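Notes for the one structure printed next.
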Amino acid sequence: MQIHIDYFAILREQAGRQRETLQTDAKTPAHLYLQLCEQYGFELIQARLRVAINDEFCDWSQNLSDGDRVVFIPPVAGG
Amino acid sequence: MQIHIDYFAILREQAGRQRETLQTDAKTPAHLYLQLCEQYGFELIQARLRVAINDEFCDWSQNLSDGDRVVFIPPVAGG
Amino acid sequence: MSTFLLQKEPIDTAALRQRVADPDCGGYASFEGWIRNENEGRAVSRLEYEAYAPLAIAEAHRIVNEALKRFEINNALSAHRLGALDVGDLAVWVGVSAPHRADAFAACRYIIDEIKQRLPIWKKEHYADGKAQWVNCAQCASQASLV
Amino acid sequence: MSTFLLQKEPIDTAALRQRVADPDCGGYASFEGWIRNENEGRAVSRLEYEAYAPLAIAEAHRIVNEALKRFEINNALSAHRLGALDVGDLAVWVGVSAPHRADAFAACRYIIDEIKQRLPIWKKEHYADGKAQWVNCAQCASQASLV
């Protein structure tokens, strides 16, 4: 399954990239984030993040579909 | 005793003047306002007004002194 | 520095904002009172403001000092128009800067509330039907006529 | 009409104010968030903002619609800067017009509070000592290291 990921803020810096498209067997965003933590050593725990699929907030247990665009959202700090 | 009076808003219109200097035997602003009500037919009752002497809010029972500048303050409506 | 302006000229809000700007402040709250096209169900065409200036200025200064004591704010300024105003015109402005936004909002609200209640400023509303009255004085007058 | 602007260019508050002006409204409350020269005791030299734009815009639109339901207001607009900002710069702006001032204040406060809590926008603070960090992420990282 092919998934597009956009990285922002601290995750962008730790991943060393703004976006990527990858093949994954992850069924959910939670599963995918665990795989990425192994790859990039993200220090943020999942409980402090939110996640969006195709530009809408979603549950960590939502099923991923081929071609989805996933964004992991670090603690926000606007204003 | 000579007293200077400035009129504002509805009192200015009902008195037909912005200011005047008059001789009075009124001992207090309350007494003075009663005299002016007789003269000009002011419709506002004293309880709805405040009064200032020499540009400071004061009591209705404060003693008037020669040369004082008195202002009767209708209900305010700034903003 | 004066903390209150009472003026016939339009209020230059951008210039006043600059006067409360402060690198120690993360929040700036401001309020503008505009002339509405209606009041209590009557269509308003224009307004006239007048003030007992020396006492209005002194009382506004007291209000700002109260706000500086009650809230953690750095700067507060306010201004009020005098004379003839039209619908949509800016009649009163308040601006407050503070390290944090909660204080900026609270102080701005405090200042405008007190300005409206305490400053010796009056407005005469002119209505679309050609009538006019001094706001807050109509009721008093009718009470007086019952005495 | 868009109710939220996310932009690299400075926010033109006067132009935005004109867009919420309304002859039915007697009150206009606005808020500006400025870059402070310090945060939690550390001297700040500059900031960088970035956003997940599509979701930030959608969420801001939801916030304004919530405010329109909760409060009696006529118009609400907000804007947020992106990119590199200096101390004193305007980072976020909210403006609300309403028939009466209580609703204008309450809605303005609601919108800025929700913007800060909910919009996917991040800031990296650069300090006078040369260090830098993503705000709100330092603590999370140290929590993560305890897991």
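Keep in mind the model is a prediction, meaning the values are calculated, not measured. Quick note on labels: first sequence line is chain A, next is B, and so on, each numbered from 1.
A salt bridge does not link C:E48 to C:K124: none of the charged nitrogens lies less than 4.0 Å from a carboxylate oxygen. Salt-bridge annotation for C:R46 and C:D86: absent, with no side-chain N of the basic residue lying under 4.0 Å from a carboxylate O of the acidic one. Remark: C:R42 engages C:D129 in a salt bridge, criterion side-chain N to carboxylate O under 4.0 Å. A salt bridge between C:E125 and C:K131 is absent, with no side-chain N of the basic residue lying under 4.0 Å from a carboxylate O of the acidic one.
If you measure heavy-atom distances from B:E56 to chain C, the contacts under 4.5 Å come from the backbone alone. For C:Y52, the parts sitting under 4.5 Å from any heavy atom of chain B are the backbone and the side chain alike. C:A51 touches chain B through its backbone: at least one of N, CA, C or O sits under 4.5 Å from a heavy atom, while the side chain does not. Looking at C:L119, only its backbone comes within 4.5 Å of chain B, counting heavy atoms on both sides. There is no contact between C:R81 and chain B, counting heavy-atom distances below 4.5 Å.
Options B:P74, B:A47, B:A52 differ in how many heavy-atom pairs under 4.5 Å they form with chain C, and the most are formed by B:P74. Top candidate by heavy-atom pairs under 4.5 Å with chain B, chosen from C:V92, C:L55, C:L47, is C:L55. Here C:E50 is the residue among C:E32, C:K116, C:E50 with the most heavy-atom pairs under 4.5 Å with chain B.
Formation of a donor-acceptor pair under 3.5 Å by the C:S45 side chain with backbone atoms of C:H126 is found in this model.
Rounding to the nearest 0.5 angstrom, the gap separating the CZ atom in B:F72 from the OH atom in B:Y33 is 7.5 Å.
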